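Please read the structure below before turning to the comments.
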Amino acid sequence: MKRAYNFNAGPAALPEWVLQEAKEHWLNFNDTGMSLMELSHRSADYEAVHNEAKELLTSLLSIPDNYEILFLQGGASLQFTMIPMNLLPKNQTAYYALTGIWSEKALKEASKLGNTAISISSKNENYSYIPNSEQIEVPKDAAYLHITSNNTIYGTQWSSYPTNVSVPLIADMSSDILSTPIDVSKFGLIYAGAQKNLGPSGVTVVIIRKDLIKEDAALPTMLSFHTHAKNNSLFNTPPTLAIYLLSLVLKWVKKQGGVEGIAAINNEKAKHLYDVIDQSNGFYRGHAEETSRSKMNVTFTLQSENLTKAFLQEAKEAGFVGLNGHRSVGGCRASIYNAVPLEHVMELTKFMKEFQRKNQ
Ligand code: PLP
């Protein structure tokens, strides 16, 4: 069977190897006579999978010893709440860099729980750029600075992170984690819903510096990082299938040469698509400013709304899935996460060039 040209923004394409591997062990995991989904989360067979996922992530991102990895539920959206609940004391202020709708949502939830402020915003330009990270300053007594490393909807991505900030840097990396090397030690906390670069939906990965994990009896038990850290993310039943698939995705990343290997392919994929846009003489128009372009979500429109509609319709008929822009901004968006093969991107570039030839 031919795999679809899947450019969905999330849930998104998974590596075929991961799906084949899961299929092979579907009915009989590790000679247990049971599927992974049927194992107790307290069994040695499941715990080995759980811990292997943590070890693989640690090695792929070179996560230092003073960090804890948590596997949580509730999506990245629940982190918009859990982070201020755990890390924003009443007498401090949390700063948010606004670079898109997801950072707005994160700020909105934090504002319900404590004092917040906007450190910098690119809303005035319809979130088409990432502010200069060197210009971001927050008071030394702030609780933290929150950024969204890749703006899935607008197709912008931070290429360097704030350095003039002494408070913990917190990053929503839902749509670009594992796409390029990062220095985890520069962050207080990193979080990501799995359904773009890490696996299926259902598990959210949190990487948190241990000194930020505090016991607070006033917090609801399930919403406390301390609860999950103390129990190796096994306080209650974790999403075992999602974590198993995450472990397979991590093995696949390792086979691609790790994050460095993946980053090289991602650079190539993004370059091919942006080249088509840049060489189209304005037929395709990128939303993001060049220096802020995302290597994960390529957003563009055509010369008119009618042409954009025709493009999306023909692309759909030609077998390209998920090219519609987010409902809040319209236009087109090709999400080219880690698992989207280079060949599929090349097919899309061919289709775009041919559509331009026929319609200009
Ligand atoms: N943050 C970013 C950057 C996203 O792209 C998304 C979803 O697309 C979310 C947060 C919300 O994630 P979830 O649906 O896992 O709550």
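All values reported here derive from a predicted model rather than from experimental measurement. Indexing begins at 1, ligand by ligand and atom by atom, following the structure's order.
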side-chain contact (heavy atoms from CB on, under 4.5 Å) against Glu38, all qualifying residues, sequence neighbours excluded: Met34, Ser35

Heteroatom proximity flag, Lys196 to ligand 1, N/O under 3.5 Å: yes

Residue, atom name and distance, where the atom is the protein heavy atom closest to atom 6 (C) of ligand 1: Trp102 CE2, 3.4 Å

Within 45° cone and under 6.0 Å: Lys105 NZ/CZ vs Trp102 ring: yes

Shortest protein heavy-atom distance from atom 1 (N) of ligand 1, along with the residue and atom involved: Asp172 OD2, 2.6 Å

Closest approach of any protein heavy atom to atom 14 (O) of ligand 1, naming residue and atom: Gln195 NE2, 3.5 Å

Distance from atom 5 (O) of ligand 1 to nearest protein heavy atom, with residue and atom: Thr152 OG1, 2.5 Å

Under-4.0 Å salt bridge between Arg209 and Asp211: yes

Side chains of Leu273 and Val345 in contact at under 4.5 Å (non-hydrogen atoms): yes

Element-labelled atoms of ligand 1 that are located less than 4.0 Å from some non-hydrogen atom of Gly75: 15 (O), 16 (O)

Met173 and Asn197, any side-chain heavy atoms less than 4.5 Å apart: no

Close-contact set for ligand 1 against Phe80 heavy atoms, below 4.0 Å: 10 (C)

Closest protein heavy atom (residue, atom, distance) for atom 12 (O) of ligand 1: Ala76 CB, 3.5 Å

Check: Tyr161 ring centroid to Phe187 ring centroid under 6.0 Å: yes

Identity of the nearest option to atom 16 (O) of ligand 1, non-hydrogen atoms only, from Ser77, Pro11, Ser175, Gly193: Ser77

Contacting atoms of ligand 1, where contact means under 4.0 angstrom from a heavy atom of Asn150: 3 (C)

side-chain contact (heavy atoms from CB on, under 4.5 Å) partners for Thr58, two or more places apart: Ile63, Ile69

